[in-house]
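Letters go in sequence order (proteins before strands), and every chain restarts at 1.
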Amino acid sequence: MTPEQLSDVVRSAVAAAVERGTLAVAVPDAVVIDRPKNPEHGDYATNIAMRLAKPAGRPPREVAEAVAAELRAAEGVAGVEIAGPGFLNIRLAKDALGRVAVQTVTAGEAYGRTDVLAGQRLNLEFVSANPTGPVHIGGTRWAAVGDALGRLLTASGAEVSREYYFNDAGSQIDRFATSLMAAANDRPVPEDGYAGAYIGEIAAQVVAAEPGLLELPDAEQQERFRVRGVELMFAEIKRSLAGFGVVFDTYFSEKTLHDSGALEKAVARLREQGHVYETDGAVWLRTTDFADDKDRVLVKSDGEPTYFAADCAYYLDKRERGFDKVVIMLGADHTGYVGRYKALVAAMGDDPATNLEILIGQLVNLVRNGEPVRMSKRAGTVVNLEDLVDAIGADAARYALARASVDQQIDLDLDAWTRKTNDNPVFYVQYAHARIASLLRGAADLGLPLGEAADVDTALLETQRESDLLRAIAEFPQVVSSAAELRAPHRVARYLEELAGTYHRFYDACRVLPRGDEEATPLTTARLWLCAATATVLANGLTVLGVSAPERM
RNA sequence: GCGCCCGUAGCUCAGUGGACAGAGCAGGUGCCUUCUAAGCACUUGGUCGCAGGUUCGAUCCCUGCCGGGCGCGCCA
């Protein structure tokens, strides 16, 4: 029995008490089930009696008595104790807990999937780095977290589309093109231009692809460098992301919004809604009507639309494509956009609370030998996605970036994440998986297959270490769904570390395979199922994070 | 000045209103002739930044302070 199943059982017990007349209260929608740290507090515990005490108008312990009386009769429940201020400590029947191992192995890759977010259509935008250079470390954090979040949301039943918005219009791209042209013609890096070795490399590729390019007038050259340069740079970005295991459903070009008249359409819609005015020759959106700090310019006095105007058009486009909710992940240096983005959604006539979600990720600092790695865009010492992968590998990079809460700044220590020791959590978790894989290979060599689910006596799994492991495994679906709902992939990583530790402790205490001349027993089989179940959860969890689950290490 | 994030063990960090606040690392003591020691056991270590408030109950919610990070363009 998993906590979710137990939650339903407890809820039914409350309903039964109400039915019987021993409790007068509205039956709650959901019952919270805890996994107590203290084994004396049973397999699971619930605070439902304390929650219902006030609405029932009775002391928590009396409510607890009424619920416990019903709960004791429930299938799979071996014992119920009332403790402390009114906790219900529940002990499951041995087999009710043990069957979790069978359920897990049987479900395989599907174990952990739920439908809690079924029916939601989400557009998940992340990375969205401009094709003027490689994906920097901040974008890399979002590549890891965003992709993991996408997998989590999908696992929880949501319909998710990953989207990468790229700016291929405007002055930043112009500066990129100018920088390429300067590099190709051996001219100095222009004012506000881009430096770094990649500029020279891209410039050379453009020249190679376009014979006679350097003989053309500057204006024509510039255009060719822009088009080809963006193309090449973007291919480079896609390649590095793919190497990181991140692929998007849609790569959305800002330029297409300009070319299709979508900006004018968006401005017209905002004007219809009555939120647009003109001052000093510019067109403004009155975002202050929607709690923004100041109004925002849509069209500059020189007639050029702003980036914000494109944001408006882009938001409208996403909504017209049928997404209920637009989720955007930004770095902490973009915190200032939240207010104006909410305002634009409201000005469009939508509800920012339901149609928009902006997730802010704090900055990443790199550390080597305890010293901060100095980063300078001008000096070309920016650490980007590929540098990080080269330094510590894709698995460690993804895990390191995904295991921290996005609200927390991270100091990513390049040495710690390459160490093959216990202070490297990704190895700790992967090692547990490889260790089980090795054990299962050993079982196969001994001619000990798992066999049929019906033939396993999981009630034999009765030691503390075994039931600890079963409870940890049972928790996984809830970890996934709550991590999805809270937009917190790091919870999965932390859970996996705990699960790995629980497994290592089990392994240390419980011999699985027969030694020497010993014969396999029913307990051998039960423990093999438990090991296989653990491996399934470790693999499913690592997959959610985009990290491999190695068979050997 | 205003907005967002952070402040929890010596260090790096978990902790969706519940029971004595947790993990890894670092320090100390042990455990490998048989399933991966990249492991495990025991042990040292806390005014959860400070002060109020809400609650049966607060590390968590609210208010105010203190300290650190980031941001506040007719840039993109």
Side-chain angles (χ1 to χ4, degrees), chain A residues 32 34 36-38 40-41 45-47 50-51 53-54 59-60 83-87 89 130 132 167 169-175 192 254 279-284 293-294 296-302 304-308 310 331-339 360-363 365 367 370 403-411 413 416 419-425 427-428 430-432 434-443 445-446 482-483 485-486 488 490-491 493-495 497-498 500-501 503-516 518 527-528 531 552-553:
Chain A
V32 178
D34 276 336
K37 275 164 259 169
N38 186 339
E40 287 169 19
H41 294 152
T46 176
N47 62 358
M50 279 124 76
R51 297 241 171 219
K54 186 170 272 184
F87 288 102
N89 293 335
N130 286 340
T132 54
N167 173 321
S171 60
Q172 220 171 97
I173 289 294
D174 291 341
R175 288 207 296 275
D192 291 330
E254 182 193 347
T279 298
D280 302 331
V283 179
W284 296 72
D293 300 339
K294 56 190 81 167
R296 306 293 169 178
V297 173
L298 291 167
V299 183
K300 296 187 268 184
S301 51
D302 65 3
E304 287 295 311
T306 59
Y307 189 80
F308 181 60
D333 52 341
H334 287 67
T335 316
Y337 294 6
V338 177
I360 298 293
Q362 298 301 313
L363 304 180
N365 297 305
V367 175
R403 94 182 274 272
S405 156
V406 293
D407 289 336
Q408 192 73 239
Q409 282 185 44
I410 32 186
D411 293 325
D413 191 319
R419 246 172 257 152
K420 303 198 174 199
T421 59
N422 222 3
D423 56 342
N424 185 347
F427 279 101
Y428 186 75
Q430 288 183 316
Y431 176 66
R435 204 179 203 191
I436 298 172
S438 166
L439 192 151
L440 294 176
R441 281 192 301 271
D445 291 345
L446 292 172
S482 70
E485 288 174 306
L486 295 166
H490 75 278
R491 283 169 178 266
R494 302 301 176 137
Y495 163 81
E497 289 165 31
E498 193 188 319
Y503 179 77
H504 289 312
R505 283 186 286 278
F506 156 80
Y507 179 92
D508 192 61
C510 301
R511 176 77 197 187
V512 178
L513 299 178
R515 306 162 195 260
E518 290 173 5
R527 285 181 172 168
L528 281 172
C531 289
R552 288 187 164 82
M553 288 176 79

N/O-N/O pairs, protein side and nucleotides 53-56 of chain B side, under 3.5 Å:
| unit_1 | atom_1 | unit_2 | atom_2 | d |
| --- | --- | --- | --- | --- |
| B:rC56 | OP1 | A:K54 | NZ | 3.3 |

For atom NZ of A:K294 and atom C1' of B:rC74, their distance in whole Å: 12 Å
Taking both distances under 3.5 Å as the test for a Watson-Crick or G-U pair, what stems of at least three pairs does RNA chain B have? B:1-7 with B:66-72, B:10-13 with B:22-25, B:27-31 with B:39-43, B:49-53 with B:61-65
Verify, without hydrogens or angle tests, whether A:D302 (side chain) and A:E304 (backbone) share a donor-acceptor contact under 3.5 angstrom. yes
Please state the P separation for the pair B:rC60 and B:rG17 - nearest whole angstrom. 11 Å
Sequence neighbours excluded, the answer for ring pair (Phe, Tyr, Trp, His ring centres under 6.0 Å) partners of A:Y495 is A:F476
By salt bridge (charged side-chain N to carboxylate O under 4.0 Å, His left out) - contacts of A:R296 (at least two apart): A:D292
Just by modelled atom types, is the A:V512 backbone N or O under 3.5 Å from a matching donor or acceptor in the A:R527 side chain? no
Rounding to an integer number of Å, can you tell me how far A:R403 CZ sits from B:rG24 P? 11 Å
For A:Y495 and B:rG24, what is the distance between atoms OH and C1' respectively, to the nearest whole Å? 19 Å
How far does the P atom of B:rU8 sit from the matching atom of B:rU47, given to the nearest Å? 11 Å
A:N365 side chain near A:Q409 side chain, heavy-atom distance below 4.5 Å: yes
Given the 90°-from-0 boundary between syn and anti, B:rC72 should be labelled anti
Backbone N or O of A:V32 within a donor-acceptor pair of the A:T46 side chain at under 3.5 Å? yes
Could a donor-acceptor pair under 3.5 angstrom be found where the side chain of A:S301 meets the base of B:rC74? yes
Sorted by chain and number, sequence neighbours left out, ring pair (Phe, Tyr, Trp, His ring centres under 6.0 Å) with A:Y503 holds for A:F506
For A:N130, report the nucleic acid contact type (base, sugar-phosphate, nothing); a contact means any heavy atom under 4.0 Å. sugar-phosphate
Give each protein N/O atom lying under 3.5 Å from an N/O atom of nucleotides 35-40 of chain B, with the pair distance.
| unit_1 | atom_1 | unit_2 | atom_2 | d |
| --- | --- | --- | --- | --- |
| B:rC35 | O4' | A:R511 | NH2 | 3.4 |
| B:rC35 | O2 | A:L513 | N | 3.4 |
| B:rC35 | N3 | A:V512 | N | 3.3 |
| B:rC35 | N4 | A:Y507 | O | 3.2 |
| B:rU36 | OP1 | A:S438 | OG | 2.5 |
| B:rU36 | OP2 | A:S438 | OG | 2.9 |
| B:rU36 | O2' | A:Y431 | OH | 2.1 |
| B:rU36 | O2' | A:R435 | NE | 2.9 |
| B:rU36 | O4 | A:A434 | O | 3.1 |
| B:rU36 | O4 | A:M553 | N | 3.3 |
| B:rA37 | OP2 | A:R435 | NE | 3.2 |
| B:rA37 | OP2 | A:R435 | NH2 | 2.0 |
| B:rG39 | OP1 | A:N422 | OD1 | 2.2 |
| B:rG39 | OP1 | A:N422 | ND2 | 3.1 |
| B:rG39 | O2' | A:R435 | NH1 | 2.9 |
| B:rC40 | OP1 | A:Y428 | OH | 2.6 |
| B:rC40 | O2' | A:D508 | OD2 | 2.4 |

To the nearest Å, how far apart are A:R494 CZ and B:rG22 C1'? 11 Å
Tell me: CD1 of A:I410 to P of B:rC70, nearest whole Å? 15 Å
Give the rounded distance in Å between these two atoms: CG of A:D34 and P of B:rG17. 11 Å
For RNA chain B, whose closest nucleotide is more 5', that of A:A404 or that of A:Q172? A:A404
Qualifying residues under ring pair (Phe, Tyr, Trp, His ring centres under 6.0 Å), relative to A:F308, sequence neighbours excluded: none
Please name all residues satisfying ring pair (Phe, Tyr, Trp, His ring centres under 6.0 Å) with A:H334, sequence neighbours left out, ordered by chain then number. A:Y337
Presence of donor-acceptor pair under 3.5 Å, side chain of A:N89 and base of B:rA19: yes
Main-chain N/O of A:A493 paired to A:R491 side chain as donor or acceptor, under 3.5 Å: no
For A:D333, report the nucleic acid contact type (base, sugar-phosphate, nothing); a contact means any heavy atom under 4.0 Å. sugar-phosphate
Taking atom CD of A:E518 as the centre, report whether more than 12 heavy atoms of other residues, nucleotides or ligands fall under 6.0 Å from it. yes
Heavy-atom nearest nucleotide on RNA chain B taken for A:P425 and for A:H490; more 5' hit belongs to A:H490
In the 5'-to-3' direction, what one-character label does each nucleotide of nucleotides 2-10 of chain B receive under the scheme B = base within less than 4.0 Å of a protein heavy atom, S = sugar-phosphate only, - = no such atom? --SSS----
Tell me every residue that passes salt bridge (charged side-chain N to carboxylate O under 4.0 Å, His left out) with A:E497, counting only those two or more places apart in sequence or in another chain. A:R403
Starting at NE2 of A:H334 and ending at C1' of B:rG69, how long is that distance when rounded to a whole Å? 17 Å
At under 4.0 Å between heavy atoms, what does A:A488 touch on the DNA or RNA strands: base, sugar-phosphate, or nothing? nothing
List in chain and number order the residues that pass salt bridge (charged side-chain N to carboxylate O under 4.0 Å, His left out) with A:R435, two or more places apart in sequence or in another chain; answer none if no residue qualifies. none
Aromatic-base stack, A:H41 on B:rA19, cutoff 5.5 Å, angle under 30: yes
Under 3.5 Å, which protein N or O atoms sit close to an N or O of nucleotides 59-61 of chain B? Give each pair with its distance.
none

Between A:R491 and B:rU16, does any side-chain N or O lie under 4.0 Å from OP1 or OP2? yes
